[in-house]
Protein chains: 2
Amino acid sequence: MERSVTFWFEFASTYSYLSVMRISSAAQARGVDVAWKPFLLGPIFAAQSWDTSLFNIYPAKGRYMWRDMQRICAARGLPFRRPDRFPQNGLAAARLALAAAEQDRIEAFAQAVFQAQFGDGADISAEPVLLDCLHKAGLDAALIDRAQSPGIKSALRGQTDAARAAGIFGAPSFTIGTELFWGDDRLEQALDHAAARTI
Amino acid sequence: MERSVTFWFEFASTYSYLSVMRISSAAQARGVDVAWKPFLLGPIFAAQSWDTSLFNIYPAKGRYMWRDMQRICAARGLPFRRPDRFPQNGLAAARLALAAAEQDRIEAFAQAVFQAQFGDGADISAEPVLLDCLHKAGLDAALIDRAQSPGIKSALRGQTDAARAAGIFGAPSFTIGTELFWGDDRLEQALDHAAARTI
């Protein structure tokens with residue numbers, strides 16, 4: 001009997017930060033395994049004719065999101081600092097995350113990247129920032145080269161295609177079989193669904 | 001010391017159904033008063049160049065919303081039936097709700113309308129449906145005329161303007177002073193915020 005959830009996240013996404021920081025403990029408490037799947041929202045947004053985040057397209061929604069993040073991070077004791085630029089380019093981080101996954105370190109790396117971006121306000125497309133994240137996750141700088149390999153690039157494209165095929169339109173998202181849950185607000189519901197599953 | 005939350009809802013909104021059915025008991029449990037404010041999302045959406053709900057503009061988001069509603073209603077023991085048309089025209093219901101408020105019956109009326117729409121799949125722009133809702137709320141059919149009065153019409157326009165001025169971009173929303181909370185998912189957080197307030 002396998003109880004697992006597939007966790008789809010995008011490195012540029014504010015609400016993905018919230019789930020990346022808590023999914024492991026919440027899943028463990030329910031005996032659920034987590035499959036970490038970074039993907040890119042850019043191509044999915046582009047297919048809907050959005051050229052940036054909805055939070056930029058609709059200013060009232062954007063203003064709200066930043067205040068919402070600030071309140072939630074404060075309540076959860078998470079550091080929060082709004083980066084100068086939003087959304088950031090998460091491509092390099094996503095490729096590196098797949099390289100980190102090959103060494104079973106994707107969670108530590110992803111947490112370091114999200115903390116750099118939304119805890120410190122750093123630019124996660126900058127190589128020095130990413131090198132520091134690799135270091136914090138106990139990973140070698142050589143992963144920068146590995147992340148440029150055709151295998152990693154094509155794996156990321158594949159995950160993005162799979163996300164779209166699963167009906168995903170935002171991040172974070174959680175899938176269990178054909179059931180889709182969207183948003184950090186649905187993390188508990190998704191895990192409860194996975195935990196209740198008897199295959 | 002006054003502890004209160006302003007509850008902004010739109011009769012066409014699926015997630016407003018969820019909050020309308022539970023805000024009173026959740027607020028009472030925290031010693032918080034609720035000011036019920038129906039408003040129209042149409043003019044607010046139009047100002048952002050949306051001619052319909054985002055759930056129609058973006059099909060993946062729409063498909064997800066209906067499944068999400070179905071799951072949440074099942075978990076909460078709420079009847080749920082997707083109406084043929086979405087979004088419905090909630091203008092008549094909103095005006096009637098303001099007339100019902102004059103008799104301190106806005107909650108009962110709003111609950112009857114949302115149950116008709118999303119519990120039974122009825123068309124809430126149809127007068128027989130609204131008459132039945134008035135009856136269920138213990139209100140007189142004469143409110144149909146009262147709802148057409150200039151005072152009610154202008155009050156609804158005023159509330160819609162106030163919603164926009166408060167930065168509201170969706171429903172349900174909750175405000176406490178200048179703090180805005182959006183979505184049924186933030187109901188508890190909004191009420192906790194109101195309860196913690198010492199003026």
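Chain letters run A, B, ... following the sequence lines, proteins first, then strands; residues in each count from 1.
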B:Y64/A:L180 under side chain to side chain contact (heavy atoms under 4.5 Å, CB included): CA gap, chis, key distance, verdict: CA-CA 7 Å; B:Y64 174 77; A:L180 167 64; 3.8 Å; yes
Worksheet item: Do A:M21 and A:F181 sit in the same hydrophobic cluster, where Ile, Leu, Val, Met, Phe, Trp and Tyr count as joined when their side-chain heavy atoms come under 4.5 Å apart?
Response: yes
In terms of heavy-atom pairs under 4.5 Å with chain B, the winner among A:R67, A:H193, A:R71 is A:R71
Quiz item: Do B:Y17 and B:F174 belong to the same hydrophobic cluster, where Ile, Leu, Val, Met, Phe, Trp and Tyr are linked whenever their side-chain heavy atoms lie under 4.5 Å apart, directly or via other members?
Solution: yes
Q.
With a 6.0 Å cut-off (strictly less than), is the heavy-atom count around CZ of B:R76, excluding the residue itself, greater than 12?
A. yes
So, the part of B:R164 with a heavy atom under 4.5 Å from chain A: the answer is neither
Are A:F169 and B:Y58, when compared by the centres of their aromatic rings, separated by less than 6.0 Å? no
Side-chain heavy atoms nearer than 4.5 Å, only ILVMFWY residues, links allowed to pass through others: does that put B:F11 and B:L91 together? no
Ranking A:I44, A:D185, A:I168 by heavy-atom pairs under 4.5 Å to chain B gives rank one to A:D185
Note: vs chain A, highest number of non-hydrogen pairs under 4.5 angstrom among B:Q189, B:R63, B:E179 is B:E179
Could you state whether B:L134 and B:V20 fall into the same hydrophobic cluster, counting links through intermediate Ile, Leu, Val, Met, Phe, Trp or Tyr residues with side-chain heavy atoms under 4.5 angstrom apart? yes
Would A:F118 and A:L130 show up in the same hydrophobic cluster when neighbours are defined by side-chain heavy atoms closer than 4.5 Å? yes
Shortest non-hydrogen pair, B:G167 vs A:A60, comes out as O-CB, 4.0 Å
